[in-house]
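Proteins get letters first, then strands, A, B, ... in listed order; numbering begins at 1 in each. Values below: all heavy atoms of this structure, side chains included; hydrogens, waters and symmetry mates excluded.
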There are 2 protein chains.
Amino acid sequence: MADGPQSSESLLFLTDEQLRKGIEAMFFAYRDFTADPDRILLTKGYGRAHHRAIHFIHRAPGTTVNNLLSILGVTKQSLNRVLRSLIEDGLVESRVGRRDKRERHLFLTEAGETLERELSDAQRARMRTAYREAGPEAVTGFRTVLEAMMDPELRRHYMAMKEGG
Amino acid sequence: MADGPQSSESLLFLTDEQLRKGIEAMFFAYRDFTADPDRILLTKGYGRAHHRAIHFIHRAPGTTVNNLLSILGVTKQSLNRVLRSLIEDGLVESRVGRRDKRERHLFLTEAGETLERELSDAQRARMRTAYREAGPEAVTGFRTVLEAMMDPELRRHYMAMKEGG
DNA sequence: CTTGGAAAGTCAACAAGGCTGACATAAAAT
DNA sequence: ATTTTATGTCAGCCTTGTTGACTTTCCAAG
């Protein structure tokens, strides 16, 4: 390792103390980040798992079950339980694939889109306030660090959705 | 609302699209952020709840159960279950308070400190790599946004621990 | 000294949402 | 014709959160 005043100064942000602060900031921020949608979901009898399914179906309408599975990183049994209740309640529609009839393509119904909007409005409101408070440069840094924190292999799910859709 | 080229350009980071990217970045990054300790915990028969207890007892040795409760934001029944197994396994020591004998002061044993180090080494390694990749300015922005995202009321738990000790 | 209330622990019951394993069905691919 | 893939489903288990009820310990105010 190189040392001297210059490098030891520029690497101050890599001390264990700095890293610990980052770790705790992640814990507390994520807790509050999920709190607003959680409150809404509770009143509807849903949980965070339903929110995630709704979010990504909204983002990629017509996505298959398998695709959703690999984005969420859970088992099909886990996802199926959530998906079944959303379909029964008329928030999600499952259409048999035209080309490949084994596949089910997932869409939000009107009611599903309404709930999605309610949930994401709440989450965006918090994010917007934080972004406005922090400023554009901080936001760039925020995103940069989060992306660097992702597993390189799993990052593709994020990158695939990053450019919009 | 003010408009014109200047303000619409400087507020680009507040569009719904930008906010959505931030929301998804939080989801994916947090998932991977917790993955390393989760793997270690699995081999020891513990879960994320045990990690959180261990982390904050390490940070504030001698903390009371009530204090830990308010930091973690769970019920005493939930925490008690976790704490009991850690005490039984000899990772945590619970000492009756000297002044107030109702209070229990919590400490990590040698074995507890060893596991703590193993867990935090893994988590710091990922954080360190991300920080190094992103650079000091990005790290500042990262922390600024996370802090702005916390509930003002609950932020005190983070702030209290922020300065170390 | 008695009593009220705070701190802590415990028991029971429940729910969400992960997991594994086993099995069924339909359709595509070989 | 057989194998593989995509999906769904049943049963059961675990962790970790919840509420409610109850007890013990002990400080502090009356």
Side-chain angles (χ1 to χ4, degrees), chain A residues 27 30-31 34-35 37-57 62-89 92-107, chain B residues 27 30-32 34-35 37-57 62-89 92-106:
Chain A
F27 168 67
Y30 195 80
R31 221 234 266 100
T34 57
D38 280 356
R39 262 189 297 277
I40 296 170
L41 289 157
L42 192 65
T43 71
K44 319 260 179 185
Y46 293 125
R48 211 175 284 178
H50 298 84
H51 185 187
R52 292 198 277 260
I54 288 173
H55 176 95
F56 287 110
I57 294 172
T63 186
T64 64
V65 172
N66 240 14
N67 186 36
L68 199 51
L69 237 37
S70 81
I71 289 173
L72 296 175
V74 297
T75 59
K76 63 173 179 174
Q77 293 93 329
S78 228
L79 177 60
N80 195 256
R81 180 167 37 197
V82 164
L83 232 35
R84 203 190 314 160
S85 73
L86 290 174
I87 291 169
E88 278 172 6
D89 297 352
V92 167
E93 195 191 334
S94 167
R95 295 185 207 152
V96 173
R98 280 181 311 164
R99 289 183 312 182
D100 188 334
K101 293 176 191 166
R102 289 171 306 179
E103 294 180 340
R104 302 300 141 91
H105 298 274
L106 303 169
F107 301 85
Chain B
F27 169 68
Y30 194 81
R31 220 232 267 101
D32 296 345
T34 57
D38 281 355
R39 262 189 297 274
I40 297 170
L41 290 157
L42 192 65
T43 71
K44 319 262 178 184
Y46 294 125
R48 209 174 286 178
H50 299 84
H51 184 188
R52 292 198 278 260
I54 288 172
H55 176 94
F56 286 110
I57 293 171
T63 187
T64 63
V65 172
N66 238 18
N67 185 36
L68 199 51
L69 238 37
S70 81
I71 289 172
L72 297 175
V74 298
T75 59
K76 62 175 178 174
Q77 292 92 332
S78 219
L79 176 60
N80 194 256
R81 180 168 37 201
V82 164
L83 233 34
R84 202 189 318 158
S85 74
L86 290 174
I87 292 169
E88 277 172 8
D89 297 353
V92 167
E93 194 192 334
S94 167
R95 294 186 206 153
V96 173
R98 279 180 312 163
R99 289 183 312 181
D100 186 336
K101 293 176 189 166
R102 291 168 303 182
E103 293 181 340
R104 302 300 139 94
H105 297 274
L106 304 168

Subject >> Beyond-backbone contact of Arg48(B) with Thr34(B), side-chain heavy atoms, under 4.5 angstrom >> reply: yes
Subject >> Within-4.5 Å side-chain heavy-atom neighbours: Val96(B) and Arg104(B) >> reply: yes
Choose from [options] the nucleotide whose nearest atom is closest to any side-chain atom of [X].
{"X": "Arg84(B)", "options": "dG17(D), dT10(C), dA28(C)", "value": "dT10(C)"}
{"X": "Lys101(A)", "options": "dA28(C), dA8(C), dT9(D)", "value": "dA28(C)"}
{"X": "Asp100(A)", "options": "dC26(D), dA27(C), dT18(D)", "value": "dA27(C)"}

Subject >> Whole-Å gap separating C1' (dC13(D)) and CG (Leu42(B)) >> reply: 14 Å
Subject >> Separation of atom CD1 in Ile87(B) from atom C1' in dA8(C), rounded to whole Å >> reply: 11 Å
**OP:** Looking at every strand, decide which applies to Arg48(B) at a 4.0 Å heavy-atom threshold: base, sugar-phosphate, or nothing.
**Re:** sugar-phosphate
Subject >> Sugar-phosphate, base or nothing in reach of His50(B), heavy atoms under 4.0 Å >> reply: sugar-phosphate
**OP:** Indicate whether the side chain of Ser85(B) and that of His50(B) have a donor and an acceptor atom separated by less than 3.5 Å.
**Re:** yes
May I ask you to evaluate whether [X] reaches the phosphate of [N], defined as a side-chain N or O under 4.0 Å from OP1 or OP2?
{"X": "Asn66(A)", "N": "dT7(D)", "answer": "yes"}
{"X": "Arg52(B)", "N": "dG17(D)", "answer": "yes"}
{"X": "Arg81(A)", "N": "dT7(D)", "answer": "no"}
{"X": "Ser78(B)", "N": "dT16(D)", "answer": "no"}
{"X": "Asn80(A)", "N": "dT7(D)", "answer": "no"}

**OP:** Could you check Leu83(A), Leu86(A), Thr64(A) and say which one makes a side-chain contact (heavy atoms from CB on, under 4.5 Å) with Leu106(A)?
**Re:** Leu83(A)
**OP:** Would you kindly compare Leu83(B) and Arg102(A) by the position of their nearest DNA chain C nucleotide and give the one closer to the 5′ end?
**Re:** Leu83(B)
Subject >> First encountered from the 5' end of DNA chain C, between Val82(A) and Arg99(A) >> reply: Val82(A)
**OP:** Note the angle between the end axes of the helix from dC1(C)-dG30(D) to dT30(C)-dA1(D), five pairs defining each, rounded to 10 degrees.
**Re:** 20°
Subject >> Charged N-O contact under 4.0 Å between Glu93(B) and Arg95(B) >> reply: yes
**OP:** Answer with yes or no whether Gln77(A) presents, from its side chain, a donor or acceptor under 3.5 Å of a partner atom in the base of dG21(C).
**Re:** yes
**OP:** Please confirm whether Phe27(A) and Tyr30(B) have ring centers closer than 6.0 angstrom.
**Re:** no
